[in-house]
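Below is one structure; the comments refer to it alone.
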Amino acid sequence: MLKVVGILLIIFGALGLLGGIMMLAGGGMIAAAGADAFAEAGLSAGAVGGLAMVVGVIALIGGALDLIFGILGVKNCDKPEKAQTCFICGIVMIVIQVISAIVGIAGGSFNILSVLIGLVLPILYTVGAVKNKNSVAQ
């Protein structure tokens, strides 16, 4: 279980890194262009570009964490002595997802389906780490 979830996290982490890079580049281009479309909407291109760049940095951080945790899961899936490390990584992912849900509630964009889907991989990762840890006892 830990290996499969780890592979999925590696894939999603790579996609998150790619998306973050694209967001940073797009935000920089928007800020530099100073598009009139934003001015008509009452927004400055610098503010919109800056916001896109902040979202890009957050996506980069999330993608990097997914990639790192995925690699750890795949690398340590058959090493029960490393199960505690994977368990901690799973708990960190769950906490990040819960914080994301709280921010979504505060921002008015809470979606229970999104939260549940976001919790699937971290919970499966954590369960896989526990099963790996329990394999020593058997």
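We're numbering straight along the sequence, starting at 1. Keep in mind that this is a model prediction, so the values were computed, not measured.
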Residue list, side chain to side chain contact (heavy atoms under 4.5 Å, CB included) with [X], at least two apart or on another chain:
| X | value |
| --- | --- |
| Val54 | Ile58 |
| Ile11 | Ile7, Leu15 |
| Ile61 | Val57, Leu65 |

Measuring from atom [atom1] of [X] to atom [atom2] of [Y], what distance do you get when rounded to the nearest 0.5 angstrom?
| X | Y | atom1 | atom2 | value |
| --- | --- | --- | --- | --- |
| Leu18 | Leu60 | CG | CG | 10.0 Å |
| Asp66 | Ile96 | CG | CD1 | 8.0 Å |
| Leu24 | Met22 | CG | CE | 11.5 Å |

Inset, instruction - Using the side-chain contact (heavy atoms from CB on, under 4.5 Å) rule, pick out the option among Asn132, Leu72, Val130, Val74 that qualifies with Leu2. - result: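 So the option named by the test is Asn132.
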Inset, instruction - Evaluate the criterion side-chain contact (heavy atoms from CB on, under 4.5 Å) for residue pair Leu67 and Leu9; output intermediate values, then yes/no. - result: CA-CA 6 Å; Leu67 193 62; Leu9 285 173; over 6 Å; no
Report, one line per pair, each donor and acceptor closer than 3.5 Å where one atom sits in a side chain of residues 78-91; sequence neighbours left out.
unit_1: Gln84; atom_1: OE1; unit_2: Lys133; atom_2: NZ; d: 2.9

Inset, instruction - Is it possible for you to say whether Ile102 and Val55 belong to one hydrophobic cluster, with membership spreading through side-chain heavy-atom contacts below 4.5 Å? - result: no
All N/O donor-acceptor pairs, side-chain side in residues 112-129, below 3.5 Å, sequence neighbours left out:
unit_1: Tyr125; atom_1: OH; unit_2: Phe69; atom_2: O; d: 2.8
unit_1: Tyr125; atom_1: OH; unit_2: Gly73; atom_2: N; d: 3.4
unit_1: Thr126; atom_1: OG1; unit_2: Pro122; atom_2: O; d: 2.8

